[in-house]
Amino acid sequence: MQTLTESMFYILLLLHKEKHGYQIMKEIDMMTEGRVKIGPGTMYSLLSRFEKENLIIKVSSEDGKKVYLVTELGKEIINVDFRRLKSMVKDAEGIL
Amino acid sequence: MIVPSKHMSLSSYKNLELYFSEMSRKGYLIKKINPVYFTFEEVDSVDLDFSVVLFNETTEFDFPDKENETDFVSMAESSGWKKNASNKLMMIFSKPTSLDAISINTDDEILFKNIKKTYLKSEFITGLMFLIFMFLISGLGTNFNYIGITNNTFLMVLAIPVMYFVIVFRNIILRMTWILINQNRIKNDKQIKFFSRRVSDFFSICSNLFLLTMIIFPILSIVGVGSLITMIPLVTTFLILFIFRKIVKLKKRPRWVNFLIYLGLIYLSLMLTTQFMLSPFALKHFGGDVLPEPEPVTIILSNGDSLDYVYDYKHSSSLLVPVTSSINSKDIRIEKYSALNQRIADFIFDDIGVYRDYNNENIINELSKIDWNSDRAKKIIAKDSITIVLQRSKIIYQIYIKDKNIMVEQLQLIIDEYIELFKTTSEN
């Protein structure tokens with residue numbers, strides 16, 4: 001897995017609680033105040049990819065909507081990225 | 001309203017969005033899509049934005065995944081899009097232009113990966129399936145020799161190289177080029193570039209013209225309407241894919257089982273295709289003759305001897321050599337090839353004796369065309385037989401003589417008597 005993009009980061013972050021695709025889209029939009037927008041096509045592709053890479057797991061299906069949850073591997077990946085981002089922020093704060 | 005489909009390739013499908021918008025403004029809303037035609041429903045003129053999405057999660061060998069499809073459609077519909085139509089490869093969504101809904105694809109890199117994945121799972125794999133079929137079918141045909149051109153299966157071989165080229169060019173080279181160009185663009189943070197409507201139309205016209213020019217026109221012009229029989233393997237291929245897709249959809253099975261089913265269908269269709277192409281029906285309807293039963297005949301020769309022989313017919317090419325018949329007696333066997341034109345007759349004459357049904361040690365001697373009352377004549381001396389080959393205009397006589405010690409003058413007389421039998425029997 002390469003470094004997470006912004007979209008990937010938010011999807012994995014929000015999947016610490018069970019959610020379906022559209023819920024994730026809405027929550028990312030709200031959380032980032034519209035800065036990060038993910039269309040349904042992109043969301044679907046990312047969720048499929050994460051599921052194949054065992055970063056998330058389908059836990060149930062409600063009215064044809066798949067509900068996902070992040071796996072231990074997914075948590076590890078986002079934690080690594082979180083630490084990377086934190087150290088970047090720290091480095092930047094020392095200069096800016 | 002039904003109109004021919006267009007812009008259906010992976011390298012230009014985004015042009016459909018503008019096209020469907022224009023049609024909806026004219027009062028036609030897209031209702032059904034397939035590779036051949038679009039069906040529009042007449043509605044009041046409406047301003048709609050369209051989004052054409054590639055959605056192909058499975059290969060030809062997999063059971064369709066409805067759960068993923070429902071999940072995706074539900075996500076798109078929750079975002080304000082409405083599904084209008086879909087086929088195995090694409091989904092068409094629309095929304096009122098006035099509605100501020102998020103685009104279905106918001107990341108070009110992901111969109112590009114999706115197109116690439118779809119290509120590998122659809123056009124590429126279908127192309128390979130076609131190639132496998134064509135390869136197996138070409139194994140049925142004979143080599144480029146006189147036996148081959150007197151058999152209908154040869155016609156398949158004639159069309160196959162062109163079909164190979166079309167499939168490899170359209171499904172592989174063209175698409176791969178587009179993928180490589182865009183891979184480079186994505187790497188350089190540029191947007192995906194689809195072929196414009198004009199370029200897409202150009203490719204479509206070119207490939208259709210190419211098919212006409214390379215397959216239909218030359219074959220038609222050389223050998224006539226009956227050449228359409230060469231299209232049978234192609235039609236069979238489409239039929240097999242159609243049946244195979246239906247079977248795959250029936251029940252969920254492992255991929256390898258579906259692959260075995262596909263191979264089984266190919267085998268079955270090869271058998272049926274061959275049987276059909278050699279059938280009296282095909283021979284009749286594509287310009288050939290229905291084969292009569294072998295006909296035993298006894299005649300009295302000019303020297304008073306009686307001769308028993310069988311006037312026989314065999315399956316022949318319905319196009320290049322419409323009539324092949326033979327006379328068999330205890331001393332002699334004559335094959336008569338009535339070729340479609342002089343060039344084909346010349347080819348048969350030149351090839352007899354060269355092809356592998358004679359052993360390599362045979363000697364070919366040219367004979368006097370005056371002595372043999374023919375346009376061309378030759379003698380093939382093999383280990384245990386002699387064959388005389390005569391060409392009289394578009395007709396070739398291949399005469400096997402079982403008695404190697406027969407005198408030339410005697411032979412000429414006998415052959416003339418026998419050749420006369422063909423005429424007599426034909427007149428009868």
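Only heavy atoms go into these numbers, but all of them, side chains included; no hydrogens, no water, no symmetry mates. Just so we're on the same page: letters track the sequence lines, and every chain starts at 1.
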Below 4.5 Å, heavy atoms only, C-beta onward: do [X] and [Y] meet side chain to side chain?
{"X": "B/N68", "Y": "A/K66", "answer": "yes"}
{"X": "B/K113", "Y": "A/S45", "answer": "no"}
{"X": "B/I102", "Y": "A/M25", "answer": "yes"}
{"X": "A/L47", "Y": "B/M75", "answer": "yes"}
{"X": "B/E67", "Y": "A/K58", "answer": "yes"}

If every non-hydrogen atom of A/P40 is compared with every non-hydrogen atom of B/S79, which pair is closest and at what distance?
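For A/P40 and B/S79, the tightest heavy-atom pair comes out as CG-OG, 3.7 Å.
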Grab the two heavy atoms, one from B/T106 and one from A/K37, that are nearest each other, plus how far apart they are.
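In terms of heavy atoms, the two residues are closest at OG1-O, 3.7 Å.
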Rounded to the nearest 0.5 Å, how far apart are OH of A/Y44 and CG of B/N114?
9.0 Å
Could you grab the distance from atom CG of B/D71 to atom OG of A/S48, nearest 0.5 Å is fine?
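Going from the CG atom of B/D71 to the OG atom of A/S48 covers 8.0 Å.
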Step through the shown structure and confirm whether more than 12 heavy atoms of other residues, nucleotides or ligands are within 6.0 Å of [atom1] on [X].
{"X": "A/E76", "atom1": "CD", "value": "no"}
{"X": "B/K82", "atom1": "NZ", "value": "no"}
{"X": "B/D44", "atom1": "CG", "value": "no"}
{"X": "A/D91", "atom1": "CG", "value": "yes"}
{"X": "B/K31", "atom1": "NZ", "value": "no"}
{"X": "A/I57", "atom1": "CD1", "value": "no"}
{"X": "A/K65", "atom1": "NZ", "value": "yes"}
{"X": "B/Q191", "atom1": "CD", "value": "no"}

Part of B/S78 lying under 4.5 Å from any heavy atom of chain A:
both
Under 4.5 Å from any heavy atom of chain A, what part of B/F55 do you find: side chain, backbone, both or neither?
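For B/F55, side-chain heavy atoms alone lie under 4.5 Å from chain A.
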Taking B/D107 for the side chain and A/T42 for the main chain, is one N or O donor matched with an acceptor at less than 3.5 Å?
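Looks like no, no N/O pair under 3.5 Å.
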Taking side chain as everything from C-beta outward and backbone as N, CA, C, O, which of these in A/S7 sits under 4.5 Å from a heavy atom of chain B? Side chain, backbone, both or neither.
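Looking at A/S7, nothing touches chain B.
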